[in-house]
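To find a chain, count down the sequence lines: A is the first, B the second, and so on, and within it residues start at 1.
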Amino acid sequence: MLIEARDVTKIYGSGRTAVKAVDSVSFSIERGELVLLMGPSGSGKTTLLTLISGLLKPTSGSIYIDGIDITKLSQRELARLRLEKIGFIFQHFNLLSALTALENVMVPLTIKGVKESEARERAIALLKDFGLGDRMNHKPEDLSGGEQQRVAVARAVITNPDIIIADEPTANLDSKKGREVMELIHKRVKGGRGAIIASHDPRVERFADRILYLEDGRLKDSTRISTYQ
Amino acid sequence: MVLIARKNLFHERGRLIISVGGVAFATMLIMTLIGVYYGVFTESTTYLMKTRADLWVGQEGIHDTWHTYSLLPRGLDKEILQVGGVKDVHEFIGRAVMAEVSKVSDSKETVFIIGFDTKSGVGGPWEVIKGKKIPRNGQVVVDRVFAVRNNIDIGDKIKAGGVELTVVGISKGTFVLVYSYAFVTKEDAAEIFGAEDFLNYYMVEVENPFFAEKVAENIKSRLETQGVKVDVLTRQEFIENHKEVIDESFSVILLPLVLIGFFIGVTVIGLTLYTATLEKIKEYAILKAIGAGEMFMMKIVIEQAFTIGMLGFISGALLSLAAANWIPSIAPEFYVEINASNLLISFVAIIAMSVVASLVPIRKLERVDPATVFQA
(Lines give C-alpha, C1' and ligand atoms only; values in the text may rest on other atoms or scores of the structure.)
Protein backbone atom coordinates (compact mmCIF):
# COMPACT_ATOMS: atom_id res chain seq x y z
CA MET A 1 0.00 0.00 0.00
CA LEU A 2 1.22 3.47 -0.86
CA ILE A 3 -0.68 5.39 1.81
CA GLU A 4 -2.34 3.93 4.86
CA ALA A 5 -4.04 5.92 7.63
CA ARG A 6 -4.94 3.95 10.74
CA ASP A 7 -7.43 5.47 13.16
CA VAL A 8 -6.01 8.96 12.67
CA THR A 9 -7.29 11.74 14.93
CA LYS A 10 -6.23 15.36 15.04
CA ILE A 11 -7.37 17.69 17.81
CA TYR A 12 -6.52 21.41 17.73
CA GLY A 13 -6.28 23.18 21.08
CA SER A 14 -7.03 21.61 24.44
CA GLY A 15 -9.64 21.51 27.17
CA ARG A 16 -12.93 23.30 26.48
CA THR A 17 -11.58 24.97 23.33
CA ALA A 18 -10.41 21.68 21.77
CA VAL A 19 -11.60 21.05 18.21
CA LYS A 20 -11.50 17.58 16.67
CA ALA A 21 -10.62 18.30 13.02
CA VAL A 22 -10.07 14.65 12.03
CA ASP A 23 -11.76 11.91 13.97
CA SER A 24 -10.60 8.28 13.82
CA VAL A 25 -10.07 8.18 10.07
CA SER A 26 -8.74 5.04 8.42
CA PHE A 27 -8.20 4.43 4.73
CA SER A 28 -5.57 3.29 2.26
CA ILE A 29 -4.47 4.14 -1.28
CA GLU A 30 -2.80 1.74 -3.69
CA ARG A 31 -0.39 2.50 -6.53
CA GLY A 32 -2.20 3.58 -9.66
CA GLU A 33 -5.16 4.83 -7.63
CA LEU A 34 -6.52 8.40 -7.77
CA VAL A 35 -8.59 9.13 -4.68
CA LEU A 36 -10.83 12.15 -4.39
CA LEU A 37 -11.39 13.61 -0.93
CA MET A 38 -14.71 15.43 -0.75
CA GLY A 39 -16.77 17.07 1.91
CA PRO A 40 -18.14 20.43 2.95
CA SER A 41 -15.91 23.28 4.08
CA GLY A 42 -14.56 22.64 7.56
CA SER A 43 -15.03 18.88 7.22
CA GLY A 44 -11.29 18.24 7.79
CA LYS A 45 -10.10 17.67 4.20
CA THR A 46 -7.17 20.07 4.40
CA THR A 47 -6.16 18.83 7.84
CA LEU A 48 -6.16 15.25 6.56
CA LEU A 49 -3.96 16.25 3.57
CA THR A 50 -1.60 18.07 5.94
CA LEU A 51 -1.35 14.98 8.15
CA ILE A 52 -0.65 12.65 5.22
CA SER A 53 2.02 15.08 4.02
CA GLY A 54 3.80 14.88 7.36
CA LEU A 55 3.40 18.62 7.84
CA LEU A 56 1.35 18.02 10.99
CA LYS A 57 1.58 15.25 13.56
CA PRO A 58 -1.70 13.46 14.37
CA THR A 59 -2.92 13.53 17.96
CA SER A 60 -3.32 9.76 17.71
CA GLY A 61 -3.20 7.02 15.10
CA SER A 62 -0.58 6.14 12.51
CA ILE A 63 0.09 7.13 8.91
CA TYR A 64 2.19 4.92 6.65
CA ILE A 65 3.80 6.12 3.43
CA ASP A 66 5.16 3.22 1.40
CA GLY A 67 5.34 1.19 4.61
CA ILE A 68 7.06 3.86 6.73
CA ASP A 69 5.22 5.17 9.82
CA ILE A 70 5.72 8.89 9.27
CA THR A 71 4.42 9.80 12.75
CA LYS A 72 7.69 8.41 14.12
CA LEU A 73 9.97 10.46 11.85
CA SER A 74 11.96 13.58 12.78
CA GLN A 75 11.40 16.88 10.98
CA ARG A 76 14.53 16.32 8.91
CA GLU A 77 13.41 12.81 7.91
CA LEU A 78 9.95 14.11 7.06
CA ALA A 79 11.44 16.81 4.82
CA ARG A 80 13.50 14.15 3.04
CA LEU A 81 10.43 11.91 2.68
CA ARG A 82 8.36 14.75 1.18
CA LEU A 83 11.16 15.55 -1.24
CA GLU A 84 11.57 11.94 -2.35
CA LYS A 85 8.03 10.60 -2.29
CA ILE A 86 5.47 13.40 -2.47
CA GLY A 87 4.56 15.99 -5.08
CA PHE A 88 2.32 18.88 -4.01
CA ILE A 89 -0.25 20.82 -6.02
CA PHE A 90 -2.10 23.71 -4.41
CA GLN A 91 -5.27 25.65 -5.14
CA HIS A 92 -3.35 28.95 -5.51
CA PHE A 93 -0.51 27.37 -7.51
CA ASN A 94 2.08 28.59 -4.97
CA LEU A 95 4.86 29.20 -7.46
CA LEU A 96 7.89 31.22 -6.40
CA SER A 97 7.27 34.69 -7.77
CA ALA A 98 10.88 35.67 -8.47
CA LEU A 99 11.58 32.56 -10.54
CA THR A 100 10.61 31.74 -14.11
CA ALA A 101 8.41 28.74 -14.92
CA LEU A 102 11.53 26.73 -15.75
CA GLU A 103 13.29 27.71 -12.53
CA ASN A 104 10.18 26.87 -10.48
CA VAL A 105 10.15 23.37 -11.93
CA MET A 106 13.87 23.03 -11.19
CA VAL A 107 13.42 23.87 -7.48
CA PRO A 108 12.76 20.32 -6.13
CA LEU A 109 15.76 19.02 -8.08
CA THR A 110 17.89 21.86 -6.71
CA ILE A 111 16.82 20.94 -3.17
CA LYS A 112 17.75 17.32 -3.93
CA GLY A 113 21.20 18.50 -4.99
CA VAL A 114 20.87 17.57 -8.68
CA LYS A 115 23.42 19.39 -10.84
CA GLU A 116 22.00 22.60 -12.32
CA SER A 117 22.60 21.59 -15.94
CA GLU A 118 20.85 18.26 -15.42
CA ALA A 119 17.97 19.88 -13.52
CA ARG A 120 17.53 22.41 -16.31
CA GLU A 121 17.53 19.70 -18.97
CA ARG A 122 14.93 17.61 -17.14
CA ALA A 123 12.71 20.62 -16.41
CA ILE A 124 12.80 21.78 -20.04
CA ALA A 125 11.80 18.31 -21.25
CA LEU A 126 8.90 18.13 -18.81
CA LEU A 127 7.61 21.63 -19.57
CA LYS A 128 7.70 20.82 -23.30
CA ASP A 129 5.77 17.63 -22.55
CA PHE A 130 3.21 19.77 -20.67
CA GLY A 131 2.83 22.09 -23.65
CA LEU A 132 4.71 24.97 -21.99
CA GLY A 133 7.81 24.95 -24.18
CA ASP A 134 7.29 28.55 -25.25
CA ARG A 135 6.35 29.81 -21.76
CA MET A 136 9.17 28.42 -19.66
CA ASN A 137 11.09 31.70 -19.35
CA HIS A 138 8.08 33.64 -18.13
CA LYS A 139 7.53 34.50 -14.50
CA PRO A 140 4.30 33.39 -12.77
CA GLU A 141 2.77 36.86 -13.04
CA ASP A 142 3.03 36.61 -16.84
CA LEU A 143 1.33 33.21 -17.03
CA SER A 144 -2.39 32.44 -17.09
CA GLY A 145 -3.99 30.49 -14.23
CA GLY A 146 -4.03 27.30 -16.33
CA GLU A 147 -0.39 27.71 -17.28
CA GLN A 148 0.59 28.38 -13.68
CA GLN A 149 -1.17 25.24 -12.51
CA ARG A 150 0.50 23.17 -15.24
CA VAL A 151 3.86 24.54 -14.07
CA ALA A 152 2.85 23.58 -10.51
CA VAL A 153 2.02 20.05 -11.68
CA ALA A 154 5.37 19.86 -13.47
CA ARG A 155 7.10 20.97 -10.25
CA ALA A 156 5.16 18.31 -8.33
CA VAL A 157 6.17 15.46 -10.63
CA ILE A 158 9.71 16.46 -11.69
CA THR A 159 11.26 14.23 -9.00
CA ASN A 160 9.02 11.27 -10.00
CA PRO A 161 7.34 11.06 -6.59
CA ASP A 162 5.22 8.05 -5.63
CA ILE A 163 2.39 10.22 -4.32
CA ILE A 164 0.68 13.35 -5.56
CA ILE A 165 -1.20 15.37 -2.95
CA ALA A 166 -3.39 18.10 -4.40
CA ASP A 167 -5.63 20.63 -2.69
CA GLU A 168 -8.41 22.00 -4.93
CA PRO A 169 -6.18 21.93 -8.05
CA THR A 170 -8.98 23.03 -10.37
CA ALA A 171 -10.74 25.57 -8.15
CA ASN A 172 -9.26 28.61 -9.88
CA LEU A 173 -9.44 27.27 -13.43
CA ASP A 174 -12.13 27.21 -16.08
CA SER A 175 -13.47 23.83 -17.14
CA LYS A 176 -11.07 23.37 -20.08
CA LYS A 177 -7.98 24.27 -18.07
CA GLY A 178 -9.24 22.25 -15.11
CA ARG A 179 -9.66 19.20 -17.32
CA GLU A 180 -6.16 19.66 -18.79
CA VAL A 181 -4.63 19.77 -15.32
CA MET A 182 -6.57 16.71 -14.16
CA GLU A 183 -5.52 14.83 -17.30
CA LEU A 184 -1.87 15.54 -16.48
CA ILE A 185 -2.33 14.27 -12.92
CA HIS A 186 -4.36 11.24 -14.07
CA LYS A 187 -1.71 10.29 -16.61
CA ARG A 188 0.98 10.34 -13.93
CA VAL A 189 -1.12 8.25 -11.53
CA LYS A 190 -1.78 5.62 -14.13
CA GLY A 191 1.99 5.50 -14.67
CA GLY A 192 2.28 3.83 -11.24
CA ARG A 193 1.81 6.56 -8.68
CA GLY A 194 -0.97 7.30 -6.23
CA ALA A 195 -2.86 10.54 -5.69
CA ILE A 196 -5.18 12.03 -3.14
CA ILE A 197 -7.02 15.15 -4.22
CA ALA A 198 -9.19 17.31 -1.99
CA SER A 199 -11.82 19.04 -4.09
CA HIS A 200 -15.33 20.43 -4.19
CA ASP A 201 -15.25 20.35 -7.98
CA PRO A 202 -17.65 17.74 -9.43
CA ARG A 203 -15.62 17.86 -12.70
CA VAL A 204 -12.82 16.08 -10.86
CA GLU A 205 -15.04 13.10 -9.96
CA ARG A 206 -14.75 11.53 -13.41
CA PHE A 207 -10.97 11.17 -12.97
CA ALA A 208 -11.24 9.52 -9.56
CA ASP A 209 -11.02 5.79 -8.84
CA ARG A 210 -12.53 6.29 -5.46
CA ILE A 211 -14.17 9.08 -3.45
CA LEU A 212 -13.75 9.55 0.29
CA TYR A 213 -16.46 11.68 1.91
CA LEU A 214 -15.52 13.52 5.05
CA GLU A 215 -18.00 15.21 7.36
CA ASP A 216 -17.18 16.78 10.72
CA GLY A 217 -13.78 15.12 10.56
CA ARG A 218 -15.24 11.63 10.10
CA LEU A 219 -15.05 9.42 7.06
CA LYS A 220 -18.69 8.95 6.06
CA ASP A 221 -18.39 7.00 2.86
CA SER A 222 -15.95 5.50 0.41
CA THR A 223 -17.19 5.03 -3.14
CA ARG A 224 -15.36 3.24 -5.92
CA ILE A 225 -16.29 4.86 -9.27
CA SER A 226 -13.39 4.80 -11.73
CA THR A 227 -14.70 5.46 -15.23
CA TYR A 228 -12.18 7.81 -16.90
CA GLN A 229 -10.06 6.30 -19.65
CA MET B 1 19.79 27.42 -3.68
CA VAL B 2 22.07 30.08 -5.13
CA LEU B 3 19.46 30.61 -7.83
CA ILE B 4 16.60 31.13 -5.36
CA ALA B 5 18.68 33.38 -3.11
CA ARG B 6 19.87 35.68 -5.88
CA LYS B 7 16.55 35.70 -7.74
CA ASN B 8 14.68 36.64 -4.57
CA LEU B 9 17.19 39.37 -3.84
CA PHE B 10 17.27 40.85 -7.33
CA HIS B 11 13.49 40.61 -7.64
CA GLU B 12 13.22 43.77 -5.50
CA ARG B 13 15.86 45.93 -7.16
CA GLY B 14 14.97 49.14 -5.34
CA ARG B 15 15.40 47.56 -1.94
CA LEU B 16 18.61 45.84 -3.06
CA ILE B 17 20.10 49.14 -4.25
CA ILE B 18 19.21 50.86 -0.97
CA SER B 19 20.73 48.07 1.11
CA VAL B 20 23.87 47.82 -1.02
CA GLY B 21 24.14 51.62 -0.68
CA GLY B 22 23.85 51.31 3.10
CA VAL B 23 26.55 48.65 3.27
CA ALA B 24 28.72 50.69 0.90
CA PHE B 25 28.36 53.64 3.26
CA ALA B 26 29.31 51.47 6.25
CA THR B 27 32.28 50.06 4.31
CA MET B 28 33.38 53.55 3.32
CA LEU B 29 33.10 54.73 6.91
CA ILE B 30 35.17 51.81 8.22
CA MET B 31 37.70 51.94 5.40
CA THR B 32 38.15 55.72 5.56
CA LEU B 33 38.56 55.70 9.34
CA ILE B 34 41.12 52.91 9.15
CA GLY B 35 42.69 54.81 6.25
CA VAL B 36 43.01 57.93 8.41
CA TYR B 37 44.52 55.76 11.15
CA TYR B 38 47.12 54.32 8.78
CA GLY B 39 47.61 57.75 7.25
CA VAL B 40 48.43 59.24 10.65
CA PHE B 41 50.90 56.41 11.28
CA THR B 42 52.59 57.01 7.98
CA GLU B 43 52.71 60.80 8.31
CA SER B 44 53.93 60.63 11.87
CA THR B 45 56.83 58.37 11.09
CA THR B 46 57.78 59.66 7.65
CA TYR B 47 60.23 62.15 9.18
CA LEU B 48 61.99 59.33 11.02
CA MET B 49 61.98 57.17 7.89
CA LYS B 50 63.33 59.91 5.64
CA THR B 51 66.02 61.16 7.98
CA ARG B 52 69.39 59.49 7.49
CA ALA B 53 69.66 58.36 11.11
CA ASP B 54 70.24 54.73 11.97
CA LEU B 55 70.39 55.45 15.69
CA TRP B 56 68.82 58.07 17.95
CA VAL B 57 70.75 58.99 21.09
CA GLY B 58 68.53 60.61 23.71
CA GLN B 59 68.28 61.27 27.40
CA GLU B 60 67.85 58.09 29.44
CA GLY B 61 64.19 57.05 29.85
CA ILE B 62 62.85 59.27 27.06
CA HIS B 63 61.91 57.34 23.98
CA ASP B 64 60.07 59.66 21.55
CA THR B 65 60.06 63.27 20.42
CA TRP B 66 56.52 64.06 21.55
CA HIS B 67 56.25 63.29 25.27
CA THR B 68 58.82 64.72 27.69
CA TYR B 69 61.66 66.32 25.76
CA SER B 70 65.05 64.70 25.84
CA LEU B 71 67.83 67.08 26.84
CA LEU B 72 71.49 66.33 26.23
CA PRO B 73 74.54 68.58 26.42
CA ARG B 74 76.13 69.72 23.19
CA GLY B 75 79.54 68.34 22.30
CA LEU B 76 78.83 64.62 22.72
CA ASP B 77 79.10 64.15 18.97
CA LYS B 78 82.88 63.93 19.25
CA GLU B 79 82.62 61.12 21.81
CA ILE B 80 80.08 59.27 19.69
CA LEU B 81 82.28 59.54 16.61
CA GLN B 82 84.98 57.65 18.53
CA VAL B 83 82.77 54.56 18.76
CA GLY B 84 83.61 51.87 16.22
CA GLY B 85 81.11 51.54 13.39
CA VAL B 86 79.86 55.15 13.61
CA LYS B 87 79.96 56.93 10.26
CA ASP B 88 78.59 60.36 11.16
CA VAL B 89 76.70 62.22 13.89
CA HIS B 90 74.15 65.05 13.51
CA GLU B 91 72.35 67.18 16.05
CA PHE B 92 68.57 67.21 16.39
CA ILE B 93 66.94 70.14 18.11
CA GLY B 94 63.19 70.03 18.00
CA ARG B 95 60.23 71.01 20.11
CA ALA B 96 56.63 72.14 19.72
CA VAL B 97 56.18 75.88 20.14
CA MET B 98 53.41 78.36 19.52
CA ALA B 99 53.95 80.25 16.29
CA GLU B 100 52.37 83.61 15.53
CA VAL B 101 51.41 84.29 11.96
CA SER B 102 51.76 88.01 11.37
CA LYS B 103 49.75 87.93 8.15
CA VAL B 104 46.64 86.85 10.01
CA SER B 105 45.98 88.98 13.09
CA ASP B 106 45.90 87.01 16.37
CA SER B 107 46.54 83.77 14.49
CA LYS B 108 48.54 81.31 16.55
CA GLU B 109 49.27 77.71 15.83
CA THR B 110 51.49 75.07 17.35
CA VAL B 111 54.39 74.04 15.14
CA PHE B 112 57.18 71.59 15.82
CA ILE B 113 60.34 73.55 15.13
CA ILE B 114 63.27 71.43 14.01
CA GLY B 115 66.76 72.88 13.90
CA PHE B 116 69.00 70.92 11.58
CA ASP B 117 72.49 70.92 10.18
CA THR B 118 72.06 72.89 6.99
CA LYS B 119 75.45 71.78 5.65
CA SER B 120 74.63 68.04 5.56
CA GLY B 121 70.90 68.57 5.25
CA VAL B 122 70.31 65.64 7.65
CA GLY B 123 67.11 66.16 9.62
CA GLY B 124 65.79 68.74 7.21
CA PRO B 125 62.82 68.63 4.83
CA TRP B 126 63.04 65.95 2.12
CA GLU B 127 60.46 67.28 -0.33
CA VAL B 128 59.82 70.93 -0.99
CA ILE B 129 56.92 71.88 -3.25
CA LYS B 130 57.74 75.57 -3.37
CA GLY B 131 60.80 77.70 -2.58
CA LYS B 132 64.03 76.25 -1.25
CA LYS B 133 64.94 73.28 0.88
CA ILE B 134 67.71 74.71 3.05
CA PRO B 135 66.95 77.82 5.15
CA ARG B 136 69.51 80.30 6.36
CA ASN B 137 69.42 82.03 9.75
CA GLY B 138 66.18 83.99 10.04
CA GLN B 139 64.44 81.76 7.54
CA VAL B 140 62.02 78.86 7.86
CA VAL B 141 60.61 76.07 5.69
CA VAL B 142 56.98 75.43 6.71
CA ASP B 143 54.64 72.54 5.95
CA ARG B 144 52.05 72.71 3.16
CA VAL B 145 49.12 72.16 5.59
CA PHE B 146 50.34 74.96 7.85
CA ALA B 147 50.73 77.22 4.82
CA VAL B 148 47.24 76.47 3.49
CA ARG B 149 45.60 76.88 6.88
CA ASN B 150 47.24 80.24 7.51
CA ASN B 151 47.26 81.49 3.95
CA ILE B 152 51.04 81.72 4.01
CA ASP B 153 53.32 81.89 1.01
CA ILE B 154 57.00 82.43 0.30
CA GLY B 155 58.16 85.73 1.78
CA ASP B 156 55.58 85.84 4.56
CA LYS B 157 56.73 85.97 8.15
CA ILE B 158 55.99 83.92 11.25
CA LYS B 159 57.22 84.46 14.81
CA ALA B 160 58.27 81.55 17.03
CA GLY B 161 59.71 81.95 20.53
CA GLY B 162 60.13 85.65 19.87
CA VAL B 163 62.21 85.06 16.75
CA GLU B 164 60.85 86.38 13.46
CA LEU B 165 61.36 84.02 10.54
CA THR B 166 60.78 84.50 6.83
CA VAL B 167 59.15 81.65 4.97
CA VAL B 168 61.51 80.50 2.20
CA GLY B 169 60.14 77.04 1.43
CA ILE B 170 56.99 74.95 1.68
CA SER B 171 57.48 71.25 2.39
CA LYS B 172 55.24 68.25 1.89
CA GLY B 173 54.56 65.22 4.08
CA THR B 174 55.65 67.03 7.22
CA PHE B 175 52.33 67.23 9.04
CA VAL B 176 51.82 65.09 12.15
CA LEU B 177 48.28 64.59 13.40
CA VAL B 178 47.85 67.97 15.15
CA TYR B 179 50.86 70.03 14.21
CA SER B 180 53.33 70.44 11.41
CA TYR B 181 57.09 70.53 11.26
CA ALA B 182 58.89 73.81 10.56
CA PHE B 183 62.58 73.65 9.66
CA VAL B 184 65.13 76.25 10.76
CA THR B 185 68.89 76.40 11.26
CA LYS B 186 70.41 74.92 14.44
CA GLU B 187 71.35 78.40 15.54
CA ASP B 188 67.83 79.77 15.18
CA ALA B 189 66.41 76.73 16.97
CA ALA B 190 68.75 77.28 19.91
CA GLU B 191 67.61 80.91 20.09
CA ILE B 192 63.93 80.02 19.83
CA PHE B 193 64.21 77.40 22.58
CA GLY B 194 66.60 79.48 24.67
CA ALA B 195 68.85 76.45 25.11
CA GLU B 196 72.18 77.08 23.44
CA ASP B 197 74.07 74.51 25.50
CA PHE B 198 71.57 71.71 25.00
CA LEU B 199 70.00 69.75 22.22
CA ASN B 200 67.44 66.96 22.11
CA TYR B 201 68.95 64.04 20.22
CA TYR B 202 72.05 62.99 18.39
CA MET B 203 71.26 61.30 15.09
CA VAL B 204 73.87 58.68 14.26
CA GLU B 205 74.67 57.18 10.89
CA VAL B 206 76.42 53.81 11.11
CA GLU B 207 78.74 52.21 8.61
CA ASN B 208 76.81 48.94 8.49
CA PRO B 209 73.13 49.04 9.59
CA PHE B 210 73.30 45.29 10.20
CA PHE B 211 75.43 46.00 13.31
CA ALA B 212 73.37 49.01 14.43
CA GLU B 213 72.28 47.39 17.71
CA LYS B 214 75.84 46.53 18.68
CA VAL B 215 76.97 50.09 17.88
CA ALA B 216 74.06 51.40 19.99
CA GLU B 217 75.28 49.39 23.00
CA ASN B 218 78.80 50.70 22.54
CA ILE B 219 77.63 54.35 22.32
CA LYS B 220 75.61 53.93 25.52
CA SER B 221 78.61 52.41 27.34
CA ARG B 222 81.02 55.04 26.08
CA LEU B 223 78.81 57.96 27.10
CA GLU B 224 78.18 56.38 30.50
CA THR B 225 81.91 56.40 31.16
CA GLN B 226 81.69 60.17 30.52
CA GLY B 227 78.93 60.44 33.13
CA VAL B 228 76.11 60.94 30.62
CA LYS B 229 73.24 58.50 30.84
CA VAL B 230 71.55 57.94 27.51
CA ASP B 231 69.28 55.53 25.71
CA VAL B 232 70.25 54.65 22.15
CA LEU B 233 67.41 53.48 19.94
CA THR B 234 67.51 52.03 16.47
CA ARG B 235 65.43 53.77 13.83
CA GLN B 236 62.84 50.97 13.98
CA GLU B 237 62.55 51.14 17.78
CA PHE B 238 62.16 54.90 17.60
CA ILE B 239 59.44 54.57 14.94
CA GLU B 240 57.60 51.94 16.97
CA ASN B 241 57.66 54.22 20.03
CA HIS B 242 56.03 57.00 18.02
CA LYS B 243 53.43 54.59 16.63
CA GLU B 244 52.60 53.52 20.17
CA VAL B 245 51.95 57.14 21.17
CA ILE B 246 49.54 57.56 18.26
CA ASP B 247 47.89 54.22 18.93
CA GLU B 248 47.24 55.14 22.57
CA SER B 249 45.56 58.42 21.74
CA PHE B 250 43.95 57.62 18.41
CA SER B 251 42.45 54.16 18.93
CA VAL B 252 40.19 55.54 21.69
CA ILE B 253 38.46 57.70 19.05
CA LEU B 254 38.78 55.30 16.14
CA LEU B 255 37.42 52.12 17.69
CA PRO B 256 33.94 53.48 18.60
CA LEU B 257 33.58 55.00 15.12
CA VAL B 258 34.56 51.73 13.42
CA LEU B 259 32.05 49.92 15.65
CA ILE B 260 29.36 52.42 14.62
CA GLY B 261 30.16 51.65 10.98
CA PHE B 262 29.97 47.94 11.74
CA PHE B 263 26.55 48.24 13.40
CA ILE B 264 25.23 50.38 10.55
CA GLY B 265 26.25 47.59 8.16
CA VAL B 266 24.72 44.86 10.33
CA THR B 267 21.49 46.84 10.67
CA VAL B 268 21.18 47.56 6.95
CA ILE B 269 21.86 43.97 5.88
CA GLY B 270 19.76 42.59 8.72
CA LEU B 271 16.73 44.78 7.96
CA THR B 272 16.93 44.04 4.25
CA LEU B 273 17.10 40.31 4.83
CA TYR B 274 14.40 40.40 7.46
CA THR B 275 11.93 42.33 5.31
CA ALA B 276 12.79 40.16 2.29
CA THR B 277 12.21 37.07 4.42
CA LEU B 278 8.90 38.33 5.79
CA GLU B 279 7.73 39.29 2.32
CA LYS B 280 8.44 35.80 0.97
CA ILE B 281 7.43 33.92 4.10
CA LYS B 282 4.72 31.97 2.27
CA GLU B 283 7.20 30.98 -0.43
CA TYR B 284 9.64 29.78 2.19
CA ALA B 285 6.81 27.70 3.65
CA ILE B 286 6.31 26.20 0.17
CA LEU B 287 10.00 25.31 -0.03
CA LYS B 288 9.81 23.66 3.38
CA ALA B 289 6.65 21.79 2.40
CA ILE B 290 8.18 20.35 -0.75
CA GLY B 291 11.17 19.10 1.23
CA ALA B 292 13.75 21.85 1.77
CA GLY B 293 15.66 21.23 5.00
CA GLU B 294 16.86 23.77 7.58
CA MET B 295 20.33 23.87 6.02
CA PHE B 296 18.94 24.67 2.59
CA MET B 297 16.88 27.53 4.01
CA MET B 298 19.83 28.82 6.02
CA LYS B 299 22.03 28.84 2.93
CA ILE B 300 19.50 31.00 1.08
CA VAL B 301 19.68 33.70 3.77
CA ILE B 302 23.46 33.52 4.06
CA GLU B 303 23.84 33.65 0.28
CA GLN B 304 21.66 36.76 0.22
CA ALA B 305 23.59 38.36 3.09
CA PHE B 306 26.91 37.73 1.38
CA THR B 307 25.63 39.02 -1.95
CA ILE B 308 24.56 42.30 -0.32
CA GLY B 309 27.77 42.36 1.70
CA MET B 310 30.06 41.81 -1.28
CA LEU B 311 28.26 44.27 -3.54
CA GLY B 312 28.37 46.81 -0.70
CA PHE B 313 32.03 46.09 -0.06
CA ILE B 314 33.03 46.59 -3.70
CA SER B 315 31.02 49.82 -3.96
CA GLY B 316 32.30 51.01 -0.58
CA ALA B 317 35.92 50.25 -1.48
CA LEU B 318 35.60 52.24 -4.71
CA LEU B 319 33.98 55.14 -2.83
CA SER B 320 36.76 54.98 -0.22
CA LEU B 321 39.42 55.22 -2.92
CA ALA B 322 37.63 58.25 -4.31
CA ALA B 323 37.34 59.74 -0.81
CA ALA B 324 41.03 59.08 -0.15
CA ASN B 325 41.87 61.24 -3.16
CA TRP B 326 39.27 63.89 -2.47
CA ILE B 327 39.59 64.43 1.32
CA PRO B 328 43.16 65.86 1.22
CA SER B 329 42.01 68.48 -1.29
CA ILE B 330 39.50 69.90 1.20
CA ALA B 331 41.28 68.95 4.44
CA PRO B 332 45.02 68.73 3.71
CA GLU B 333 45.78 67.63 7.27
CA PHE B 334 44.09 64.30 6.55
CA TYR B 335 45.93 61.66 4.64
CA VAL B 336 43.75 58.58 4.02
CA GLU B 337 45.84 55.53 3.31
CA ILE B 338 44.00 52.67 1.60
CA ASN B 339 46.37 49.74 1.70
CA ALA B 340 46.11 45.94 1.57
CA SER B 341 45.78 45.68 5.32
CA ASN B 342 42.95 48.24 5.33
CA LEU B 343 41.13 46.30 2.58
CA LEU B 344 41.57 43.02 4.45
CA ILE B 345 40.24 44.42 7.75
CA SER B 346 37.21 45.94 5.98
CA PHE B 347 36.58 42.71 4.09
CA VAL B 348 36.65 40.68 7.31
CA ALA B 349 34.28 43.25 8.87
CA ILE B 350 31.84 42.77 5.97
CA ILE B 351 31.98 38.98 6.35
CA ALA B 352 31.27 39.38 10.06
CA MET B 353 28.43 41.83 9.30
CA SER B 354 26.85 39.37 6.87
CA VAL B 355 27.02 36.50 9.34
CA VAL B 356 25.61 38.55 12.25
CA ALA B 357 22.88 40.06 10.05
CA SER B 358 21.77 36.57 8.94
CA LEU B 359 21.02 35.33 12.44
CA VAL B 360 17.56 36.87 12.96
CA PRO B 361 16.18 36.01 9.47
CA ILE B 362 17.50 32.45 9.87
CA ARG B 363 15.71 32.17 13.19
CA LYS B 364 12.56 33.47 11.50
CA LEU B 365 12.83 30.85 8.77
CA GLU B 366 13.31 28.08 11.31
CA ARG B 367 9.89 28.98 12.71
CA VAL B 368 8.10 29.01 9.36
CA ASP B 369 5.30 26.46 9.49
CA PRO B 370 5.15 24.53 6.19
CA ALA B 371 1.58 23.44 7.02
CA THR B 372 0.43 26.98 6.14
CA VAL B 373 0.82 26.13 2.44
CA PHE B 374 -2.60 24.50 2.50
CA GLN B 375 -4.23 27.63 3.89
CA ALA B 376 -5.92 29.94 1.43
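- You'll find the side chain of A:I89 reaches within 4.5 Å of the side chain of A:Q149, heavy atoms only.
- Of the atoms belonging to A:L51, not a single heavy atom falls under 4.5 Å from chain B.
- When side chains are defined from C-beta on, B:S346 counts as touching B:F313, because their heavy atoms get closer than 4.5 Å.
- Both the backbone and the side chain of B:I290 come within contact range of chain A, each with at least one heavy atom under 4.5 Å from a heavy atom of that chain.
- Within residues 8-29 of chain B, the residues having any heavy atom less than 4.5 Å from a heavy atom of chain A are, in residue-number order, B:N8, B:H11.
- The shortest side-chain heavy-atom distance between B:F306 and B:V301 does not fall under the 4.5 Å cut-off.
- You'll find the side chain of B:N342 reaches within 4.5 Å of the side chain of B:M31, heavy atoms only.
- Looking at A:L95, only its backbone comes within 4.5 Å of chain B, counting heavy atoms on both sides.
- In this structure, no portion of A:K112 lies under 4.5 Å from any heavy atom of chain B.
- Heavy atoms closer than 4.5 Å to chain B are found nowhere in A:T159, neither backbone nor side chain.
- Residues B:T32 and B:I327 meet the side-chain proximity criterion, which asks for heavy atoms closer than 4.5 Å.
- Contact annotation: the side chain of A:D129 approaches that of A:K187 to within less than 4.5 Å [non-hydrogen atoms, C-beta and beyond].
- Applying the side chain to side chain contact (heavy atoms under 4.5 Å, CB included) rule to B:V176 yields the partners B:S44, B:W66, B:Y181; only residues at least two apart in sequence or on another chain are considered.
- Heavy atoms of A:I86 lying under 4.5 Å from chain B are absent altogether.
- Contacts between B:K288 and chain A at a heavy-atom distance below 4.5 Å involve the backbone alone (N, CA, C, O).
- Side-chain contact between B:F374 and A:L49: present, with at least one pair of heavy atoms (C-beta onward) separated by less than 4.5 Å.
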**Audit row: A:L55, B:V373, side-chain contact (heavy atoms from CB on, under 4.5 Å) steps and yes/no** = CA-CA 10 Å; A:L55 297 171; B:V373 290; 4.2 Å; yes
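- Ring planes of A:F88 and A:F90: parallel class, angle under 30° (limits at 30 and 60°).
- Residue contact with chain B, scored on non-hydrogen atoms closer than 4.5 Å, involves the side chain of A:S53 exclusively.
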